There are 2 protein chains.
Amino acid sequence: MTDTLNSIAQLVTPCCLIEKSKLQGNIARLSAHIGELGCSLRPHVKTHKSVDVTKLIENGGNVRGITVSTLQEAQHFFKHGYTDILYAVGIVPNKLATAASLIEQGCDLKIVFDNTAMAAMVIEKAAEFSCTFKVLIELDTDGHRSGIEPSSQALLDIAGLVNQSQNIELCGVMTHAGESYSCFTHEEQLAMARQERDLTLLAAERLRAAGLECRVLSIGSTPTAFAIDDLTGITEVRAGVYAFFDLVMAGLNVCDVKDVAISVLASVIGHQTEKHWAITDAGWMAMSRDRGTANHPTDQGYGLVCDITGKALTDYIVNDANQEHGIIRHRDAKQPMNYDAFSLASMVRILPNHACSTAAQFSHYYLVDEGKVIEKWHVTRGW
Amino acid sequence: MTDTLNSIAQLVTPCCLIEKSKLQGNIARLSAHIGELGCSLRPHVKTHKSVDVTKLIENGGNVRGITVSTLQEAQHFFKHGYTDILYAVGIVPNKLATAASLIEQGCDLKIVFDNTAMAAMVIEKAAEFSCTFKVLIELDTDGHRSGIEPSSQALLDIAGLVNQSQNIELCGVMTHAGESYSCFTHEEQLAMARQERDLTLLAAERLRAAGLECRVLSIGSTPTAFAIDDLTGITEVRAGVYAFFDLVMAGLNVCDVKDVAISVLASVIGHQTEKHWAITDAGWMAMSRDRGTANHPTDQGYGLVCDITGKALTDYIVNDANQEHGIIRHRDAKQPMNYDAFSLASMVRILPNHACSTAAQFSHYYLVDEGKVIEKWHVTRGW
């Protein structure tokens, strides 16, 4: 790239920066924790959708395979050499052709479903293909979203159906305790993590007691992955957002604000001094519309403002956003603005509420270290 | 394209559909209204970021030039033959090189600023280039965001600075009454439209009285563009979202729900019958995180659900969303779900809160008519 080792002040705004040292620190922290518990990580690439980030995660150690949220991600990462892939969103029959194409090219793809009727439809459709589809049954361990009850008859019904099918292979169970995003203390996160683990172990025991296969026990969310203290019997942990971290995770005390590796670089394009506003060119198209901290004790608006070096200006948030305009003001609307920190045409960095949604607004990241641009990384997208 | 004239039921979900007849109807309605008032439209392409949509808008008549929200849009549309372009976000000096490159290639680009100090910085930087930069001064006519007071001394100061500069040419003034998005009745929208117009006329009169140039008077937002009843003295009206319309505009009664041309096609991937949920593969990555109707009398969640033909199932909304999961339930959480309308693997269409944010989540649209795919249109993005 032409701007290697250039100062970030030379970048055109808005753009997305990743702090290399923070990214590596975050990766090392979870890799070490999961390694100490004798388990493996299957990182979720949906947060960053970047092969380059994934390579750094692999370098962190204790990684086996990846998790994707779309078949497009599966195709992209397979093209870049990743073969052990879990597509962790419930499949529908009309996506099997894409899955089959990947499998026939050598991809060790795993799909999921959570419903007897859907299992029957997938089994019927699968007969049209010559490959074998590996499947995990999705469990609901927190009432958050998808999955079946680990103690339900449906678990055994689905597994039994799969067991009788010709080209679907039951590999095990998976769950995601997304409700951990509502756990604001370590104690709550640990309790949620143990619940996620224990209900998964229960499902596996029930399958095995019925003479059915369950060699994969896949669990995880960023808060529960860090909180869990014993992973005996669990074969893999999935997490994604931890690589970048964000204000939602900082709000849950899973990380500190200074650990957030992702930021949006913005230019101050105007002042509305009577309202104590500074206006930047990072609106919601750059930040995303994610207001993930809206129900947190500390609402960070559309993002927390830092100076160009990344030092948090903790009193200032992006209070409102239009498509290409961000409105910065003091957290306390009655306070005047320190315009010395927001001079016209100067640059600031904004930490996002939610790394996954902000990252997806960009087609590339600038990897930065000590104010210099080191690399420009491609981000994939779509379905 | 290979799937021309295929049924939309054959598309891979989630994907973005544009109903051709609704798009054309929306375009015709505003073109006719602005034409009747003897004025011109400068459509804002930020909503759709699509050359194909813009061609249809031009066919609607009374169009002169386009408006863009990023210099990347300017570059993209210039490459596709559009030369008369207003970049309607305040410029900073480090974007002048990109602007100059466009101008030197023959683009009739107009830039904006709203601050005396910024004007001085831009004038100084502009001296590095051999081209002339055309500028509009941005006015604040509604207290919504950017711009200077039309009655302020700053207006004359900025215009005077520009007038003395060597390669900045003052063309006129522009404003956007974004506060019209808080006007829920036609009367309020008309009052806001007249205020937007009258304060723009006032600014122009003041500039002319001072012997300064003001040949362009550019105003607009979708609600005020439809509401305004007299455009005497105004040279152009800008609007973007009207081409697609969305639930925010329907909530303001600027359009009807049946006019919304954009929808996200989704597959039902699961049921949580105890909670009366249907889960689809259109999460916030497809819908965007935009909750623009959250403060409306009718909160539409993350979108209003329609059957695959586009008929609104008015009791059902996307109540919550994760990255690749959308949770549909009855508007009234206590009501049971009619699962006949949400059978597993069936498809639904979701009308979005905000067309601009949902459209930007996709790299292409499928233009559809009577359930058939007619064309696949590219969407540009980035900065």
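Convention: sequence-line order gives letters A, B, ...; per-chain numbering from 1. Note that the structure is predicted; figures quoted are calculated from it, not measured.
Between A:L96 and A:V122 there is a side-chain heavy-atom pair separated by less than 4.5 Å. Within the 4.5 Å cutoff, side-chain heavy atoms of B:Y366 are placed close to those of B:L11.
Among the candidates A:G292, A:C15, A:G147, the residue making the largest number of heavy-atom pairs closer than 4.5 Å to chain B is A:G147. Listed options A:G143, A:P14, A:S363 were ranked by heavy-atom pairs under 4.5 angstrom with chain B; first place goes to A:P14. For the set B:S357, B:G382, B:A360, the entry with the most heavy-atom pairs within less than 4.5 Å of chain A is B:S357. Note: A:H354 leads A:E274, A:H354, A:E138, A:R291 in heavy-atom pairs under 4.5 Å with chain B. Between chain B and the options A:R145, A:M121, A:Q272, the largest number of non-hydrogen pairs under 4.5 Å is found for A:R145. Most heavy-atom pairs under 4.5 Å with chain A, from the set B:S267, B:A117, B:S146, B:G283: that is B:S146. Ranked by heavy-atom pairs under 4.5 Å with chain A, the first of B:I327, B:T13, B:D114 is B:T13. For the options B:V92, B:I91, B:T70, heavy-atom pairs under 4.5 Å to chain A are most numerous at B:V92. In terms of non-hydrogen atom pairs under 4.5 Å with chain B, the most contact-rich of A:S343, A:G270, A:S69 is A:S69.
Residue A:N115 touches chain B through its side chain alone, counting heavy-atom pairs closer than 4.5 Å. Residue A:K46 touches chain B through both its backbone and its side chain, counting heavy-atom pairs closer than 4.5 Å. Looking at B:E324, the atoms closer than 4.5 Å to chain A (heavy atoms on both sides) sit in the backbone and in the side chain alike. Neither the backbone nor the side chain of A:S288 has a heavy atom closer than 4.5 Å to any heavy atom of chain B. Contacts of A:A286 with chain B are made by both backbone and side-chain atoms, with heavy-atom separations under 4.5 Å. Interface residue A:M118: backbone and side-chain heavy atoms are both found under 4.5 Å from chain B. Residue contact with chain B, scored on non-hydrogen atoms closer than 4.5 Å, involves the side chain of A:R381 exclusively. Contacts of A:M287 with chain B are absent, with no heavy-atom separation under 4.5 Å from either backbone or side chain. With a threshold of 4.5 angstrom between heavy atoms, B:A154 does not approach chain A through any atom at all. In this structure, the portion of A:V268 lying under 4.5 Å from any heavy atom of chain B is its backbone and not its side chain. With a 4.5 angstrom heavy-atom cutoff, A:I279 touches chain B only via side-chain atoms.
Taking the centre of each ring, B:H325 and B:W277 stay at or above the 6.0 Å mark. Between A:H364 and A:F362, the distance from one ring center to the other does not fall under 6.0 angstrom.
Separation of atoms NE2 (A:H144) and CD (A:E179) is listed at 6.0 Å; rounding is to 0.5 Å. Rounding to the nearest 0.5 angstrom, the gap separating the NE2 atom in A:H271 from the CD1 atom in B:I148 is 15.0 Å. Here the straight-line distance linking atom CG of B:L17 with atom CD1 of B:I8 works out to 5.0 Å at 0.5 Å rounding.
Every residue two or more places apart in sequence or in another chain that forms a salt bridge (charged side-chain N to carboxylate O under 4.0 Å, His left out) with A:D140 is listed here: B:K275. A search for side-chain hydrogen bond (donor to acceptor under 3.5 Å, both in side chains) contacts involving A:D246 returns nothing, not counting sequence neighbours.
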B:I269/B:T280 under side chain to side chain contact (heavy atoms under 4.5 Å, CB included): CA gap, chis, key distance, verdict:
CA-CA 5 Å; B:I269 63 170; B:T280 79; 5.7 Å; no
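Checking B:Q72 against B:T380 by side-chain atom types alone, a donor-acceptor pair falls below 3.5 Å. Judged by distance alone, the side chains of A:N353 and A:T293 do bring a donor and an acceptor atom under 3.5 Å apart.
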